[in-house]
Amino acid sequence: MKPHIIALDVDGTIVDYDDMMTDRVRSAIQAAEAAGHHVVIATGRSVGGALEVANRLGQRDGYLIASNGSVIVRITPEAESGWEVHHVETFDPGPMLTRMREHLPMALFMVEDAELMRWASGEFPVGELASNEQLNLVSFDELMDKEATRIVMRELNGSNEEFLDAVERIGLHGVTYSVGWSNWLDIAPEGVSKASGVEYVCQRLGVARSETVCAGDGMNDMEMMQWVAHGIAMGQAKDALKERATVITGTVTEDGLATALEEYFGLDS
């Protein structure tokens with residue numbers, strides 16, 4: 001089998017919702033790398049949170065897709081910090097922030113800027129943002145002046161149905177967006193997604209689209225699931241994502257990722 005790119009979502013795929021990674025999942029990912037494939041973390045997490053998972057996997061070289069495709073870094077021992085930024089996409093967050101606040105005035109907002117600094121209008125619930133990255137609290141007006149790689153909106157009040165209705169009313173045009181499991185909205189520059197990140201890495205590594213695999217469980221994995229040659233949907237994923245997948249595996253608590261990788265690549269369990 002030719003070397004493949006294996007793009008892996010983090011939360012709900014590599015780790016469970018308590019950020020736990022099982023030995024079986026870790027072993028399957030490492031076995032795929034040992035077989036010559038390129039394992040690429042592809043996550044909505046910021047770079048720091050994504051690097052933390054890469055460190056737990058023992059990765060010392062390769063690409064990493066963060067912030068839903070807005071930021072791509074290369075893990076390399078040649079860099080003083082162990083990694084270096086390769087590509088960053090940004091946009092003006094002002095118009096979108098204004099519209100979001102009009103419809104959900106009590107929501108929390110976070111903007112990640114071009115220097116990968118994170119700025120927020122208030123403290124997010126514990127565990128929802130990677131704890132190893134600084135979160136700078138500023139006024140909402142100060143968020144408007146940033147150059148953004150992504151916007152996160154988190155509504156702590158109301159039902160998920162009410163949140164979805166509000167998102168619909170906002171009118172998200174000129175950006176790429178995805179709605180999370182909770183009342184969470186992630187916004188990236190137009191045309192930017194995990195899929196665009198995988199395509200970028202393919203070009204850099206000279207890997208054909210026909211040799212691409214991904215695994216994920218969230219709606220921010222939709223474009224990636226459609227783009228790759230072989231898409232793996234986790235068992236707990238919503239039906240809309242499962243419909244786009246090549247295969248549906250077990251849930252994250254059932255080590256579904258390990259099962260799918262072992263079966264597709266013929267790895268020892």
Side-chain angles (χ1 to χ4, degrees), residues 1-10 13-14 25-45 47 50-51 53-54 57-78 83-89 176 178 188-234 237 240-249 256-268:
M1 183 179 285
K2 293 180 180 179
H4 280 51
I5 285 177
I6 308 172
L8 301 178
D9 171 55
V10 172
T13 303
I14 297 176
V25 167
R26 180 185 295 105
S27 295
I29 294 171
Q30 291 175 338
E33 287 192 309
H37 303 296
H38 307 283
V39 172
V40 179
I41 290 173
T43 179
R45 292 188 182 194
V47 169
L51 285 169
V53 176
L57 290 169
Q59 292 186 308
R60 297 291 178 266
D61 191 24
Y63 288 90
L64 183 155
I65 300 165
S67 300
N68 286 322
S70 291
V71 182
I72 301 173
V73 304
R74 177 73 186 264
I75 304 169
T76 172
E78 296 177 1
W83 61 278
E84 58 190 14
V85 176
H86 262 244
H87 186 72
V88 176
E89 294 274 2
T176 302
S178 60
E190 186 173 16
V192 173
S193 67
K194 292 183 182 183
S196 65
V198 175
E199 184 175 11
Y200 177 94
V201 175
C202 281
Q203 293 170 352
R204 291 299 179 275
L205 294 178
V207 174
R209 185 174 178 179
S210 58
E211 273 78 55
T212 55
V213 174
C214 82
D217 77 318
M219 298 308 289
N220 61 337
D221 298 310
M222 181 67 77
E223 293 89 350
M224 179 171 70
M225 197 72 66
Q226 294 173 291
W227 194 86
V228 300
H230 183 79
I232 301 163
M234 301 297 291
L241 187 69
K242 291 178 178 178
E243 290 170 0
R244 303 297 183 185
T246 311
V247 299
I248 301 167
T249 189
L257 175 61
T259 299
L261 293 179
E262 290 162 1
E263 291 177 351
Y264 188 75
F265 291 103
L267 307 173
D268 292 331

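Just so you know, residue 1 is the first one in the sequence shown, and it goes up from there. The model shown is predicted, which means the values in this text are computed figures rather than measured ones.
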Check: Once you round to the nearest 0.5 Å, how far does CZ of Phe265 lie from NE2 of His37?
Finding: 5.0 Å
Next item on the list: Taking all non-hydrogen atoms of both residues into account, name the closest pair between Val73 and Val47 and its distance.
Entry: CG1-CG2, 4.0 Å
Checklist line | Ile29 versus Leu257, closest heavy-atom pair with distance | finding: CD1-CD2, 4.0 Å
Item checked: Separation between CD of Gln59 and OG1 of Thr76, rounded to the nearest 0.5 Å -> 13.0 Å
Next item on the list: Report yes or no: does Lys194 contribute a side-chain atom to a donor-acceptor pair with the main-chain N or O of Ala42 at less than 3.5 Å?
Entry: yes
Item checked: Option passing side-chain contact (heavy atoms from CB on, under 4.5 Å) with Val198 (candidates Val207, Val213, Ile65, Ile6) -> Ile65
Item checked: Heavy-atom check, side chain of His4 versus side chain of Tyr264, under 4.5 Å -> yes
Next item on the list: Quick one: which residue pairs count as a side-chain hydrogen bond (donor to acceptor under 3.5 Å, both in side chains) with a foot in residues 240-249, not counting sequence neighbours?
Entry: none
Notebook entry, point to check: Taking C-beta and beyond as the side chain, do Asp61 and Ile75 meet within less than 4.5 Å on heavy atoms?
Noted result: no
Item checked: Heavy-atom pair with the smallest gap, counting every atom of Ala32 and Val39 -> CB-CG2, 4.4 Å
Item checked: Asp221 versus Asp217, closest heavy-atom pair with distance -> OD2-N, 3.0 Å
Next item on the list: Could you list the residues that satisfy salt bridge (Lys or Arg N to Asp or Glu O under 4.0 Å) with Arg26, not counting sequence neighbours?
Entry: Asp23
Notebook entry, point to check: Atom CD in Glu84, atom CD in Glu78: separation rounded to 0.5 Å?
Noted result: 7.5 Å
Next item on the list: Nearest 0.5 Å please: distance from the CE atom of Met234 over to the CD1 atom of Ile248.
Entry: 12.0 Å
Next item on the list: Quick one: pull up CG in Asn220 and CG in Leu241 and give me the separation to the nearest 0.5 Å.
Entry: 9.0 Å
Margin query: Any heavy-atom pair between the side chains of Leu51 and Trp83 that's under 4.5 Å?
Written below: yes
Note to self: Are Thr176 and Glu223 packed together at the side-chain level, in the sense that at least one heavy-atom pair is separated by less than 4.5 angstrom?
What the structure shows: yes
Margin query: Could you check whether any side-chain heavy atom of His38 comes within less than 4.5 Å of a side-chain heavy atom of Pro3, counting everything from C-beta outward?
Written below: yes
Note to self: Determine whether Val192 and Asn68 satisfy the following criterion, side chain to side chain contact (heavy atoms under 4.5 Å, CB included), listing intermediate values before the conclusion.
What the structure shows: CA-CA 8 Å; Val192 173; Asn68 286 322; over 6 Å; no
Notebook entry, point to check: Given side chains that start at C-beta, do those of Ile5 and Cys202 come closer than 4.5 Å, heavy atoms only?
Noted result: yes
Next item on the list: Look up atom OG1 in Thr43 and atom CG in Leu8, then write down how far apart they are to the nearest 0.5 Å.
Entry: 10.5 Å
Notebook entry, point to check: What is the minimum heavy-atom distance between Leu64 and Ala54, and which atoms define it?
Noted result: CD1-CB, 4.2 Å
Notebook entry, point to check: Should Leu57 and Ile41 be marked as a side chain to side chain contact (heavy atoms under 4.5 Å, CB included) after you check the CA-CA gap, both sets of side-chain angles, and the distance that decides it?
Noted result: CA-CA 10 Å; Leu57 290 169; Ile41 290 173; 4.3 Å; yes
Check: So, for Trp227 and Arg209, which heavy atoms are closest and what is the spacing to 0.1 Å?
Finding: O-NE, 2.8 Å
Note to self: Could you check whether any side-chain heavy atom of Tyr63 comes within less than 4.5 Å of a side-chain heavy atom of Leu205, counting everything from C-beta outward?
What the structure shows: yes
Next item on the list: Could you go through the side chain to side chain contact (heavy atoms under 4.5 Å, CB included) check for Met224 and Ser193 one step at a time?
Entry: CA-CA 7 Å; Met224 179 171 70; Ser193 67; over 6 Å; no
